[in-house]
Amino acid sequence: MYTTDLSGKPAGQAEPPSEEPAELLARFEARVAADEFIEPKDWMPEAYRKTLVRQISQHAHSEVVGMLPEGNWITRAPSLKRKAVLLAKVQDEGGHGLYLYCAAETLGTSRQEMIDALHSGRAKYSTIFNYPTLSWADVGAIGWLVDGAAILNQVPLQRTSYGPYARAMVRVCKEESFHQRQGYEIMMTLAAGTPAQKRMAQDALDRWWWPSLMMFGPPDEASPNSAQSIRWRIKRETNDELRQKFVDITVPQAEAIGLQVPDPALCWNEARGHYDFGAIDWEEFRAVIRGEGPVAKERMAARTKAWEDGAWVRAAAEAHAVKQAARRQAEAAE
Ligand code: FAQ
């Protein structure tokens, strides 16, 4: 089953919440309502802990799997400058994954458990990373659209109710904003280039537009987790609210560089003060979640290989830590 439920139980069969002391629950809810951060050693309802582990681990996996589509272009970047920037950007995504795994570990789930869930196909990661990067313009489109969508989703998460997650998001958002600008700058350069370069940019926009809208998750009426997550102030805005913000911000950016958003239904709605946009293919979204994305198998094979190839590094780090601890103990005994 393709789920982030780390209990290993089939979806929909999670344990019913056990009796939780009413007094503690009331205090927890009052703190959340007062916008106080909940910290790792604070009491929290089990369902809150589970929801956080689910969302934060899925987020961490997305960052790390998300290194693959752009990593694919590091050796083929068109100039030394573009290569250096891309290298730094992909490295940042790895760092985001690490902060997020650390934040999830503070909730009592080990890194090994999370990685096992990813590699065995039980854990989700963002659907967007199951699409291939076919041209250099895709690197621009990912920075502009994918990082752009990620920022919109993550800015409210800086005020999420769990302290370690909120603090991780502050740094992540700063870096994502640089990523978004570097992507847009690539698109701007291509769009102002030769007709072939402009076609390349348009083709990338055509392929990444709809999957980027899907990143925000299912529509609100089909989002089983949103209502509770908003009550607990884990999520601050709904999937549809964030998706609309993304469309409203991104459409003028496309127009500014002479590219066309691939949606014939797209038009400004004066009364709503927002863009109306066409129907999203939710069947495609569900298929990608089921693991049927165009390059889903390649992504998991690459992650599993990286994990296996890195086994000697983990073993060496562990042996070093044991040696250091023994040395410290011997020094203390002197
Ligand atoms: N892909 O009830 P909801 C990035 C699942 S980071 C796959 O609405 P929720 C940086 C959802 O997990 C991108 N699965 O769920 C970067 C749930 O399944 P579950 C990642 C999805 O949690 C850029 C089910 O559908 N960002 O891009 C997706 O309330 C460039 C029902 O959905 C985050 O993870 C999806 N798109 O809302 C890196 C941000 N959407 O777990 C490299 C944090 C939904 O019950 C290069 N996460 N699902 O089995 C969130 O804000 C939320 O978790 C949502 C989903 C909004 C993603």
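Side chains included, hydrogens not; waters and symmetry mates left out as well; all remaining heavy atoms used. If you're wondering where the values come from, they're calculated on a predicted model, not measured in any experiment. Note that ligands are numbered from 1 as they come in the structure, with each ligand's atoms numbered from 1 the same way.
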Under a 4.0 Å heavy-atom limit, does [X] contact ligand 1 with its side chain, its backbone, both, or neither?
X	result
H96	neither
M215	both
N153	side chain
Y125	backbone
S229	neither
F129	side chain
H59	both
N239	side chain
I289	side chain

Between R236 and E241 (salt bridge meaning N to carboxylate O under 4.0 Å), is one present in this structure?
no

Work out whether the distance between some heavy atom of H179 and some atom of ligand 1 is less than 4.0 Å.
no

Answer yes if W210 and I249 sit in the same cluster of Ile, Leu, Val, Met, Phe, Trp and Tyr residues linked by side chain heavy atoms under 4.5 Å apart, and no otherwise.
yes

Is the closest N or O pair between D147 and ligand 1 shorter than 3.5 Å?
no

Set of residues satisfying side chain to side chain donor-acceptor pair (under 3.5 Å) with respect to E284, sequence neighbours excluded:
Y131

What salt bridge (Lys or Arg N to Asp or Glu O under 4.0 Å) pairs are there with at least one residue in residues 242-261, not counting sequence neighbours?
E237-K245, D240-R243

Does any donor atom in the side chain of H61 or Q58 lie under 3.5 Å from an acceptor atom in the other side chain?
no

